[in-house]
Amino acid sequence: SRPIFGGETDPDYSRPIFGGETDPDYSRPIFGGDTDPDHARIQDITWEQEEENNRPRKFVRLQPNGAEFRPIPGRSPAKQPVREPAADTPADMDPCEVQPTSEHLLEEICNNYTCPEFKEILLPEEFCGFKLRTYSKGVWAMVEMDVKKGLGKAYDEAAEKLAEYFNGDNTLGDKIAVTKPKTAIYMMQDLITPKTAYLSQFLPADLHNNPPTPSQDSSIILKENPELSFYVRGFGGVSSATLYRREFMMLTAAIKKAKLNAFWSMQFFNEYTTPEETLQLHEVAVMVAPSA
């Protein structure tokens, strides 16, 4: 009564025919076909190329990105100077995109306060992310900032000295009308380290011919500037060292994208508003240099 092998009573009789439509493997993607999960694998890399790409390389010393790093000869790597790398242009940001500010905020500020006289030069459409301004000659009150105390404290101390001069700490005892902006000027030792720094404020035009002399014990310097041209980038948001640094790097990228040149060793930061104000306006700027 044993079932005949291959007959209708054979337990394997109803097994799907290997390779037939009822075979569980029948619908499996054909190796190398369009439905093969590996079919989309990059085909233009040969096995020889792939092996070469994966081959271990010789040791390469990595340098900090963007910083001017010069190892000290004879000193071990552990004792080399450590410097914060320069803030590169954020990869996800286009230097042409500027943080929004109120369109007429600068005009409103300069209607309420005395601002330096300037004219904006029309740039070609392909130039973006900055403006070109030419400032008229004028007199500025300046005070050196002690950067060794840290930029925040140095700025506050310098701002206080400027306020004293404008409030009558001068040989005439005259109060001077408040002007905008306060401008921090950094003479850079390298990409990220200021060598010296000054905080300056514009004097009203009617005082340029005979500006009040600072008191004898004052650290205020009076400087007459000729007509100067700057590349300027404005932005909003609450000011911070990180924000200013990022915007300066974006300004640098936008200028270089336009194949223009500037005096990079001097950085200018214009502060038009205080942190308490609802609308914020700040600017970063560099002096125009002849294009290379």
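Within the 4.5 Å cutoff, the side chain of Ser219 has no heavy atoms near those of the Pro214 side chain. Between Phe268 and Val286, every side-chain heavy-atom pair lies at or beyond the 4.5 Å cut-off. Taking 4.5 Å as the limit, every side-chain heavy atom of Tyr198 sits out of range of all side-chain heavy atoms of Val143. The shortest distance between side-chain heavy atoms of Phe127 and Ile255 does not fall below 4.5 Å. Between Met287 and Trp264, the closest side-chain pair of non-hydrogen atoms is not below 4.5 Å. Between Ile109 and Leu281 there is a side-chain heavy-atom pair separated by less than 4.5 Å. The closest side-chain heavy-atom distance from Tyr155 to Met145 is below 4.5 Å.
Under the 30°/60° scheme for interplanar angles, the aromatic rings of Phe235 and His282 are found to be tilted.
Met266 and Phe118 fall within a single hydrophobic cluster, where Ile, Leu, Val, Met, Phe, Trp and Tyr are joined by side-chain heavy atoms under 4.5 Å apart, directly or via other members. No single ILVMFWY cluster, assembled from side-chain heavy atoms under 4.5 Å apart, contains both Leu172 and Ile220. In terms of hydrophobic clustering, with Ile, Leu, Val, Met, Phe, Trp and Tyr side chains grouped at heavy-atom distances under 4.5 Å, Val178 and Leu105 are assigned to a common cluster.
Of the inter-residue distances, the one linking Ile185 atom CD1 with Lys223 atom NZ reads 8.0 Å to the nearest 0.5 angstrom. To the nearest 0.5 Å, atom CG of residue Leu132 and atom OH of residue Tyr231 are 6.0 Å apart. We find the CE-CG distance between Met142 and Leu162 to be 9.5 Å, quoted to the nearest 0.5 Å. Between Lys257 atom NZ and Cys96 atom SG the span is 3.5 Å, to the nearest 0.5 Å. Atoms NZ and NZ, on Lys148 and Lys153 in that order, are 14.5 Å from each other to the nearest 0.5 Å. To the nearest 0.5 Å, the span separating OG1 on Thr114 from CG on Asp206 amounts to 8.0 Å.
Within a 6.0 Å radius of CG in Asn209, no more than 12 heavy atoms belonging to other residues, nucleotides or ligands are found. Within a 6.0 Å radius of CD in Glu277, more than 12 heavy atoms belonging to other residues, nucleotides or ligands are found. Within 6.0 Å of CG in Asn111 there are more than 12 heavy atoms belonging to other residues, nucleotides or ligands.
The ring of Phe269 has its center closer than 6.0 angstrom to the ring center of Tyr186.
Nearest approach of Cys128 to Ala254, heavy atoms of both residues: O-CB, 3.4 Å. In terms of heavy-atom proximity, Cys115 sits nearest to Phe202 at O-CE2, 3.9 Å. Considering all non-hydrogen atoms of both residues, Glu97 and Arg233 come closest at O-NH2, 2.9 Å. The shortest heavy-atom contact between Ala141 and Tyr165 is CB-CE2, 4.0 Å. In terms of heavy-atom proximity, Pro212 sits nearest to Leu222 at O-CD1, 3.5 Å. Of all the heavy atoms in Gly138 and His208, the pair that sits closest is CA-CE1, 3.5 Å.
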Exercise for review: Give the C-alpha distance, both sets of side-chain angles, the deciding distance and a yes or no for side chain to side chain contact (heavy atoms under 4.5 Å, CB included) between Asp94 and Met250.
Suggested key: CA-CA 8 Å; Asp94 182 346; Met250 299 293 280; over 6 Å; no

Exercise for review: Kindly indicate, with the supporting measurements, whether the criterion side chain to side chain contact (heavy atoms under 4.5 Å, CB included) is fulfilled by Leu207 and Val139.
Suggested key: CA-CA 8 Å; Leu207 297 177; Val139 178; over 6 Å; no

Practice item. For the pair Asn170 and Thr213, evaluate side chain to side chain contact (heavy atoms under 4.5 Å, CB included) and give the outcome as yes or no after the intermediate values. Key: CA-CA 6 Å; Asn170 52 66; Thr213 304; 6.0 Å; no

Practice item. Evaluate side chain to side chain contact (heavy atoms under 4.5 Å, CB included) for Ile176 paired with Leu203, printing each intermediate quantity in order. Key: CA-CA 8 Å; Ile176 303 170; Leu203 292 186; 4.3 Å; yes

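With hydrogens and angles disregarded, no donor-acceptor distance shorter than 3.5 Å links the side chain of Thr134 to the backbone of Ser229. Side-chain N or O atoms of Ser215 include none that pairs as donor or acceptor with a backbone N or O of Asp217 at under 3.5 Å. Judged purely by atom type and a 3.5 angstrom limit, Thr252 uses its side chain to pair as donor or acceptor with the backbone of Phe248. Here the side chain of Gln201 pairs a donor or acceptor atom with the backbone of Thr179 at under 3.5 angstrom. Checking side-chain atoms of Gln280 against main-chain N and O of Thr274 turns up a donor-acceptor pair under 3.5 Å. Between the side chain of Ser200 and the main chain of Thr183, a donor-acceptor pair closer than 3.5 Å is present.
A side-chain donor-acceptor contact under 3.5 Å links Glu271 and Tyr244.
For the pair Lys180 and Tyr113, the cation sits on the ring face: its NZ or CZ lies under 6.0 Å from the ring centre, inside 45° of the axis.
Comment: Arg133 engages Glu283 in a salt bridge, judged by a side-chain N to carboxylate O separation of less than 4.0 angstrom. Salt bridge status for Glu157 with Lys149: present, with a side-chain N to carboxylate O gap under 4.0 Å.
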